[in-house]
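Protein chains get the first letters and strands the later ones, always in sequence-line order, with residue 1 at the start of each.
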2 protein chains.
Amino acid sequence: MSPDAAQRSVLRAADELFYAHGISGVVMSDIRDASGVSMRRLYGMYPSKSELVAAWLTDRHDTWMAWFAASVERHVSGGADPVLATFDAIAEWVTTPGYRGCAFINSLAETSEIDETHSTIIAAHKRDLVEHLAQLAARDHPNAPSWFPAALAVIIDGVIVQCTIFASTDPLDAARSAVHQLLETTST
Amino acid sequence: MSPDAAQRSVLRAADELFYAHGISGVVMSDIRDASGVSMRRLYGMYPSKSELVAAWLTDRHDTWMAWFAASVERHVSGGADPVLATFDAIAEWVTTPGYRGCAFINSLAETSEIDETHSTIIAAHKRDLVEHLAQLAARDHPNAPSWFPAALAVIIDGVIVQCTIFASTDPLDAARSAVHQLLETTST
DNA sequence: TTGACAAGAGAATGATCGTTCTCATATCCT
DNA sequence: AGGATATGAGAACGATCATTCTCTTGTCAA
């Protein structure tokens with residue numbers, strides 16, 4: 001297996017396993033078994049589980065943001081408002097089989113597995129999301145209040161969490177109504 | 001030590017340790033050391049760590065809801081709107097030293113430590129919170145839309161999560177502005 | 001006092017885990 | 001070809017953990 005293929009295989013295995021079972025629910029030999037990369041090579045690539053977790057979070061940030069941006073654009077090009085399209089994207093996600101909430105929020109909750117490096121990646125992910133939401137809002141709602149993107153980010157994280165807890169999209173629908181109302185009463 | 005005192009001591013230790021370090025970050029002998037209750041008695045009270053976790057979650061639900069209701073009432077009696085007072089209560093909480101987000105959201109993220117019994121307690125906690133928010137909203141905003149309490153619960157959970165991630169109350173302030181705006185444009 | 005049982009201290013047990021090591025097998029440079 | 005190096009398979013190591021067991025010390029009813 002080429003170094004690149006091994007790298008990819010490990011990150012794919014890490015994503016599937018860490019997301020599904022949590023960090024402390026996955027042992028290094030699970031990663032070996034799922035990726036087909038031997039212990040020796042695994043530890044050659046990442047000198048510790050903690051560094052593998054950091055690489056996973058970084059990779060997941062890129063992947064998730066790209067998916068989210070693309071999904072939103074798809075709904076926008078179908079005629080949706082850019083802000084409300086974020087709810088269409090999240091709706092797709094939370095109804096995906098195997099959905100288990102936000103990997104970053106979940107990881108941060110596993111205190112004993114997380115160090116400052118990880119928290120930094122997690123905070124950067126959420127900062128990038130707020131940034132992206134601000135750009136979406138600016139497109140069609142230039143007069144929205146300055147607090148709007150941060151509030152939208154709060155609402156989206158709340159939706160992600162509550163759809164997990166209740167195993168339902170009801171929280172998403174309520175949140176969408178609220179944001180619809182905010183848009184109607186604040187912007188252009 | 002009386003049975004009652006032992007019970008209380010164990011639950012207090014469980015709350016401090018599980019909340020601060022997560023479930024898998026606490027070992028049974030930590031509970032023994034913090035509570036002063038011997039292994040033997042501990043396992044006499046709770047036949048497994050999992051059942052101790054369930055007892056902790058149940059106890060925390062009671063404690064937290066009582067604290068939240070009291071804090072909201074205190075702000076209401078100081079003249080605040082019952083709905084906006086929920087943000088004052090949450091603001092108190094997130095600025096408490098040792099704040100680490102919502103114990104229920106955090107626990108659910110520790111997949112490998114959680115079984116269906118625990119998830120049921122967690123979902124019931126959030127359901128009770130929505131219920132309580134609905135009663136608060138009904139008091140001063142009888143004409144609020146039916147989605148309002150669920151949306152408020154989503155926003156509050158988003159605030160709880162993001163204030164943890166960003167170690168800041170900025171998300172709370174943005175969310176408060178959003179809810180203020182919603183109240184102004186939907187109710188009486 | 002005595003005997004029966006509750007409780008404490010903490011060692012033992014068996015499992016799991018992160019990490020490293022051994023030995024055998026390619027692979028590559030010359 | 002031949003020797004250095006990389007890699008795989010998987011056992012070994014040392015730590016940690018949930019849970020149980022032993023041995024000892026109250027404690028209380030008669």
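For the residue pair B:Ser35 and B:Arg12, no side-chain donor N or O sits within less than 3.5 Å of a side-chain acceptor on the partner. Between the side chains of A:Gln7 and A:Tyr46, at least one donor-acceptor pair of N or O atoms lies under 3.5 Å. Donor-acceptor pairing under 3.5 Å is lacking for the side chains of B:Glu113 and B:Ser107.
Remark: B:His132 NE2 is packed, more than 12 non-hydrogen atoms of other residues, nucleotides or ligands lying under 6.0 Å away.
The distance between atom CE of A:Met28 and atom C1' of C:dC21, rounded to the nearest whole Å, is 16 Å. Going from atom NZ of B:Lys49 over to atom C1' of C:dT16 covers 13 Å, rounded to whole Å.
Between the side chain of B:Arg32 and the backbone N or O of B:Val37, no donor-acceptor pair lies under 3.5 Å.
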TODO: Determine, step by step, whether B:Lys126 and B:Glu131 satisfy the salt bridge (Lys or Arg N to Asp or Glu O under 4.0 Å) criterion, reporting the C-alpha distance in whole Å, the side-chain angles of both residues, the deciding distance to 0.1 Å, and the verdict.
DONE: CA-CA 9 Å; B:Lys126 292 298 179 192; B:Glu131 179 84 15; over 6 Å; no
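A:Arg127 forms no cation-pi arrangement with B:Phe166, by the criterion of a distance under 6.0 Å to the ring centre and an angle within 45° of the ring axis.
Among the protein residues, B:Ser29 comes within range of no part of the nucleic acid, since none of its heavy atoms lies under 4.0 Å from any strand.
Against DNA chain D, the stretch residues 31-45 of chain B makes heavy-atom approaches under 4.0 Å through B:Met39, B:Arg40, B:Tyr43. Contacts of residues 4-24 of chain A with DNA chain D (heavy atom under 4.0 Å): none.
In summary, A:Arg139 and A:Glu73 engage in a salt bridge, as defined by a charged side-chain N under 4.0 Å from a carboxylate O.
Nearer to the 5' terminus of DNA chain C, by closest-nucleotide assignment, is the contact made by A:Val27 (compared with the other of A:Val27 and A:Pro47).
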